[in-house]
Amino acid sequence: MSLRVLACLRLRATIVATIILALLCPLAPVEAQRARARGGADVRASTARRTDLNNGALPPTDDFADLTLDESALDAESWLDPQRSTALRNRALLIAQERRARWPQFPAPREEVADELGIRRVTVGRITLHTDLPKSRDTDQIPAALEAAIPALCEFFEVSPSRFASLKVDAFLMADVDRFIEYGALDGPPQFLYGYSYGDRIYAKDQKLGYYNRFLLTHELTHTIMHELFGDLRPRWFSEGAAEFLALHAWNPQTKTMEIAKIPEAEELTPGFGRLRLIRELVGEGDALTIRDILEFEPRDYTKVSTYAWSWALVMFLYSSPKYRDVVELLPYWMTALDPNQLFIDAIGDRWGELEFDWANFVTTLDYQYNFDASAVVRATPREYTEEELKRGVVFEIEPNKGWQSVGVTLEKGKKYRVATAGRFLFYLPCAGKTLEFEAPGATCQYISGAPAGRLLAAVAQDVEGLTFSDVYGTEASALGATNRTFQFDAFRGQTSNVARFGDVLDPLYPWNEPIQFRSSYVLIAPERDGELYLRVNGASRDLEKNRGSIKIQVKLKD
């Protein structure tokens, strides 16, 4: 049989089969298919009329030039003044509401094809979950958890929950993203790695972990709340860090309550969230970042988990440290300012040296159940000792239940000092699970942060009080102003900043990363630079408050 004859026979068979199928099948499915095709065309037309979702569906920051905090709001001192700050905050919230009114209308998903695509919908309160995952307790409780997160987020930002009384959020948890493209929830293959916030829609790719799916959607919900409440998501390090920080949660399905902004207690309690472990690894490899490094993050940097990890760590540190909470609580209100980073820099003012030292202490001791109050760098003695007193020898005490403690002793380069200890103190030894009597050398049966548990540590830190951003990073005030005015981030479009790299004048990790260890009851210190003497007992942050007693210290200048 020739190929031409065979082709003709196949064509006739196909035509006959089509006619039979048309006769046997009712008209409704054909009409349904036509309606589905029309719906797809409507979605494509709607998509063509707005900004592409995957490149930023909401209007970019530049489109809100007329709805921006003006020059009068660039004075950080005004924001820190309780009376003037109230008016500025109200102005910022009003601008945010006006920006919200300009959001585009987002096309609804094609609910008529949901069943065909295997997409389920679960609604609790203001949240509707759209997912192609099978029914399960973890998945089906997500809407209730997100609903419970909204009042918790309102409480955190100190706004009335009534602000979001009419809020409706569509949450998409996707195993097969192609289904959600056909569903009309996406314009095309998603250009985000894990999750995305798009107006009143939030997205997450299935991570196959109940906690982490809930975490990702809470992260994106935080973006939605912050964007609607404060008008933008700048600077990016803060909006991403805050979303990471607030999304760390404890969900109670029995009481339908959600605790947010949880400091991680154990890795197994936050499955999938490896940020803390990653920070510890990077610090151990000598790759710790300064705060300036983090402020320079650009949107394109958020393709790396490490960028999220550093942003989370910094925001958690700022919110959890009593010294800096007054400044970080203002950051959301600066999202519509011309330059939020500059306001942050100006608000810290001459505390930049202290901030970088505190940050370095935090990242080098970061662990689960981190105790910010106990681990803070503090002053242990109310006075400064003179050189004459040091020649005779001065005696004071430090406490083993605190972090680094400045003891009022300035050590000078080119001189030698004998620092001796006496007596015992009570120290909680984790491997023993109880408190034991300790002396300065500690116990080599367990190491913490590279040193024996309970060992006395010393450090000589240069004076960092009164240092501004310019002082710490070696910039001139004029160069700082000219450079950082370009320091603007758009949450939805990649922008480059011209922030130049300046030579380091101050090593922010010095001296916490290489402390002097007391291997016996005393050490001899010959400092390489002038600086204050700091002391602490080596222990895990979470256990510091379990220690008791005090340690007597004598410092004497050697001839």
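Counting begins at 1 with the first residue of the sequence.
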Could you check whether any side-chain heavy atom of Met174 comes within less than 4.5 Å of a side-chain heavy atom of Thr131, counting everything from C-beta outward?
no

Set of residues satisfying side-chain contact (heavy atoms from CB on, under 4.5 Å) with respect to Arg351, sequence neighbours excluded
Tyr324, Asp326, Val327, Ile348, Glu354

Parallel under 30°, tilted from 30 to 60°, perpendicular over 60°: which one fits the rings of Tyr203 and Tyr198?
parallel

Given side chains that start at C-beta, do those of Trp334 and Phe238 come closer than 4.5 Å, heavy atoms only?
no

Do Pro400 and Phe438 make a side-chain contact, defined as non-hydrogen atoms from C-beta onward lying under 4.5 Å apart?
no

Can you check whether Thr270 reaches Tyr211 side chain to side chain, under 4.5 Å on heavy atoms?
yes

Is the distance between the ring centroids of Trp359 and Phe317 under 6.0 Å?
yes

Is any side-chain heavy atom of Tyr534 less than 4.5 Å from a side-chain heavy atom of Pro515?
no

For Tyr302, is the NZ or CZ atom of Arg236 found under 6.0 angstrom from the centre of its six-membered ring and inside 45 degrees of the ring axis?
yes

Please tell me if the side chains of Leu129 and Pro143 come closer than 4.5 Å, counting only heavy atoms from C-beta onward.
yes

Partners meeting side-chain contact (heavy atoms from CB on, under 4.5 Å) with Leu544 (sequence neighbours left out):
Ala374, Ser375, Asn547

Measure from NZ or CZ of Lys546 to the centre of the six-membered ring of Phe427 and say whether it is under 6.0 Å with the direction within 45° of the ring axis.
no

Qualifying residues under side-chain hydrogen bond (donor to acceptor under 3.5 Å, both in side chains), relative to Arg519, sequence neighbours excluded:
none

Would you call the rings of Phe180 and Phe172 parallel, tilted or perpendicular, taking 30° and 60° as the class edges?
perpendicular

Do the two ring centres, one from Trp237 and one from Phe297, sit under 6.0 Å apart?
no

Looking only at heavy atoms, the pair that brings Asp206 and Ala175 closest together is CB-CA, 4.1 Å

Please confirm whether Phe372 and Tyr370 have ring centers closer than 6.0 angstrom.
yes

Partner set under side-chain hydrogen bond (donor to acceptor under 3.5 Å, both in side chains) for Gln141, not counting sequence neighbours:
Trp251

Please table the atom pairs, donor to acceptor, closer than 3.5 Å between any side-chain atom in residues 449-459 and protein atoms at least two apart or in another chain.
unit_1	atom_1	unit_2	atom_2	d
Arg455	NE	Pro441	O	2.9
Arg455	NE	Phe518	O	3.4
Arg455	NH1	Gln517	OE1	2.7
Arg455	NH2	Pro441	O	3.3

On a heavy-atom basis, which atom in Gly353 and which in Val472 lie closest, and how many Å separate them?
N-CG2, 3.5 Å

With a 4.5 Å cut-off on side-chain heavy atoms, are Trp312 and Leu276 touching?
yes

Aromatic plane relationship, Phe157 with Phe230 - under 30° parallel, 30 to 60° tilted, over 60° perpendicular
perpendicular

May I ask you to test the Phe273-Leu248 pair for a side-chain heavy-atom distance under 4.5 Å?
yes

Hey, could you give me each pair passing side chain to side chain donor-acceptor pair (under 3.5 Å) that has a residue in residues 274-284? Not counting sequence neighbours.
Tyr212-Arg275, Glu244-Arg275, Glu267-Arg277

